[in-house]
**Student:** 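Just passing along the structure, written as structure tokens.
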Amino acid sequence: MAKKSTKTEVAVKEPAKRKPAVPSVPELEAKIKAALVAQQTYSSSLDIAIAFAAGNYHTYLKTLTSINKRAKVMYSVLTREGSKAYKIFPDIEHLPAISRALKDSLKSLGLTLDTLEAVDNDPLDNLADKVGALLNG
């Protein structure tokens with residue numbers, strides 16, 4: 001006699017959705033546009049420069065994320081002679097060039113990293129809005 005198989009239902013939990021460590025390029029483009037609109041310097045003719053700056057910003061953030069995951073700065077390799085040599089990880093080696101490219105692309109738009117970060121929930125802007133609301137209210 002064959003035993004009947006008993007099926008037990010197992011609740012499968014979906015993995016929790018995590019916020020990606022690095023924002024996407026379109027999200028960064030929107031952030032840059034918002035900073036330009038806040039400064040009243042946005043023009044549709046800047047869209048290509050904005051896309052370029054967003055790409056540089058994305059590369060910069062991905063590189064920083066990669067570097068933060070590393071425990072070491074260098075790794076060892078064997079040379080042709082059989083001796084051990086040390087090399088810097090490529091992301092760490094290229095960070096100065098990536099930083100410079102980001103700085104230059106933002107500078108061409110009249111922005112800095114500080115102005116981009118100040119666009120989202122800037123405490124000073126929030127305070128000014130509250131005071132303005134009280135005075136006008």
Side-chain angles (χ1 to χ4, degrees):
M1 252 179 152
K3 288 186 177 181
K4 289 185 181 179
S5 63
T6 57
K7 292 183 181 179
T8 57
E9 292 185 26
V10 178
V12 178
K13 282 188 176 180
E14 291 186 27
K17 292 183 181 180
R18 294 185 322 183
K19 184 178 178 184
V22 177
S24 67
V25 173
E27 290 172 338
L28 293 172
E29 280 184 47
K31 190 174 195 173
I32 293 171
K33 279 184 185 179
L36 290 172
V37 168
Q39 291 183 350
Q40 298 176 347
T41 57
Y42 174 73
S43 169
S44 61
S45 62
L46 296 174
D47 285 342
I48 292 173
I50 291 169
F52 186 68
N56 283 337
Y57 196 16
H58 183 72
T59 303
Y60 175 77
L61 292 175
K62 284 190 74 82
T63 303
L64 286 181
T65 302
S66 174
I67 290 171
N68 285 336
K69 291 179 184 176
R70 297 202 184 282
K72 297 179 181 179
V73 175
M74 299 179 149
Y75 62 98
S76 62
V77 293
L78 287 175
T79 63
R80 281 183 255 162
E81 295 82 26
S83 61
K84 197 184 256 189
Y86 291 95
K87 295 188 101 180
I88 297 174
F89 283 107
D91 49 2
I92 296 172
E93 188 175 356
H94 297 299
L95 183 62
I98 292 168
S99 299
R100 195 169 307 113
L102 173 61
K103 180 182 172 189
D104 291 344
S105 62
L106 289 176
K107 185 178 179 183
S108 71
L109 293 169
L111 298 172
T112 64
L113 278 176
D114 291 335
T115 57
L116 287 180
E117 296 304 320
V119 171
D120 295 334
N121 293 326
D122 184 25
L124 189 57
D125 284 344
N126 293 342
L127 180 63
D129 291 342
K130 287 179 183 176
V131 170
L134 287 174
L135 294 175
N136 297 329

**Student:** Can you tell me how far apart CG (L61) and OG (S24) are? Round to the nearest 0.5 Å.
**Tutor:** 11.0 Å
**Student:** I'd like to check Y57 versus V25 (side-chain heavy atoms, cut-off strictly below 4.5 Å). Are they in contact?
**Tutor:**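 The answer is no, as the side chains (C-beta and beyond) never meet within the 4.5 Å cut-off.
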**Student:** Do L78 and S83 have side chains that approach each other closer than 4.5 Å (heavy atoms only, starting at C-beta)?
**Tutor:** no
**Student:** Holding to side chain to side chain donor-acceptor pair (under 3.5 Å), I want the full list of residues that pass it with S105, two or more places apart in sequence or in another chain.
**Tutor:**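 Partners of S105 by the side chain to side chain donor-acceptor pair (under 3.5 Å) criterion, ordered by chain and then number, come out as N56.
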**Student:** Provide the closest heavy-atom pair for A54 versus E29 in the form atom of the first, atom of the second, distance.
**Tutor:** CB-CG, 3.4 Å
**Student:** To the nearest 0.5 angstrom, please state how far the CG atom of L111 sits from the CG atom of L102.
**Tutor:**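 These two atoms lie 10.5 Å from each other.
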**Student:** Applying salt bridge (charged side-chain N to carboxylate O under 4.0 Å, His left out) as the test, list every pair that has at least one member in residues 66-80; sequence neighbours left out.
**Tutor:**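 Every salt bridge (charged side-chain N to carboxylate O under 4.0 Å, His left out) pair that includes a residue of residues 66-80, provided the two are not neighbours, is R70-D91.
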**Student:** Could you note down all residue pairs passing ring pair (Phe, Tyr, Trp, His ring centres under 6.0 Å) where residues 70-97 supplies at least one of them, sequence neighbours left out?
**Tutor:** Y75-F89
**Student:** Are I88 and V77 connected in the hydrophobic side-chain network, where two residues link if heavy atoms are under 4.5 Å apart?
**Tutor:**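 Yes: a chain of side-chain contacts under 4.5 Å links I88 to V77.
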**Student:** Tell me which donor-acceptor pairs under 3.5 Å the side chains of residues 35-42 have, and how far apart each pair is, sequence neighbours excluded?
**Tutor:**
from: T41; atom 1: OG1; to: L36; atom 2: O; distance (Å): 3.4
from: Y42; atom 1: OH; to: D47; atom 2: OD1; distance (Å): 2.9

**Student:** Report the residues that fulfil ring pair (Phe, Tyr, Trp, His ring centres under 6.0 Å) with F52, sequence neighbours left out, ordered by chain and then residue number.
**Tutor:** none
**Student:** Output the distance between atom CD1 (I67) and atom CG (L95), rounded to the nearest 0.5 Å.
**Tutor:**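 Reported to 0.5 Å precision, the distance equals 4.5 Å.
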**Student:** Which pairs count as salt bridge (charged side-chain N to carboxylate O under 4.0 Å, His left out) when at least one residue sits in residues 53-65, sequence neighbours excluded?
**Tutor:** none
**Student:** Can you name the nearest heavy-atom pair linking E93 to P96, along with the distance?
**Tutor:**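 Closest pair (atom of E93, atom of P96, distance): O-CD, 3.5 Å.
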**Student:** I need the T59 OG1 to L28 CG distance, nearest 0.5 Å.
**Tutor:**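 The CG atom of L28 is 10.0 Å from OG1 of T59, to the nearest 0.5 Å.
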**Student:** When L106 is tested against each of T115, D114, T112, L113 for side-chain contact (heavy atoms from CB on, under 4.5 Å), which residue passes?
**Tutor:** L113
**Student:** Without swapping roles, check the side chain of H58 against the backbone of V22 for a donor-acceptor pair under 3.5 Å.
**Tutor:** no
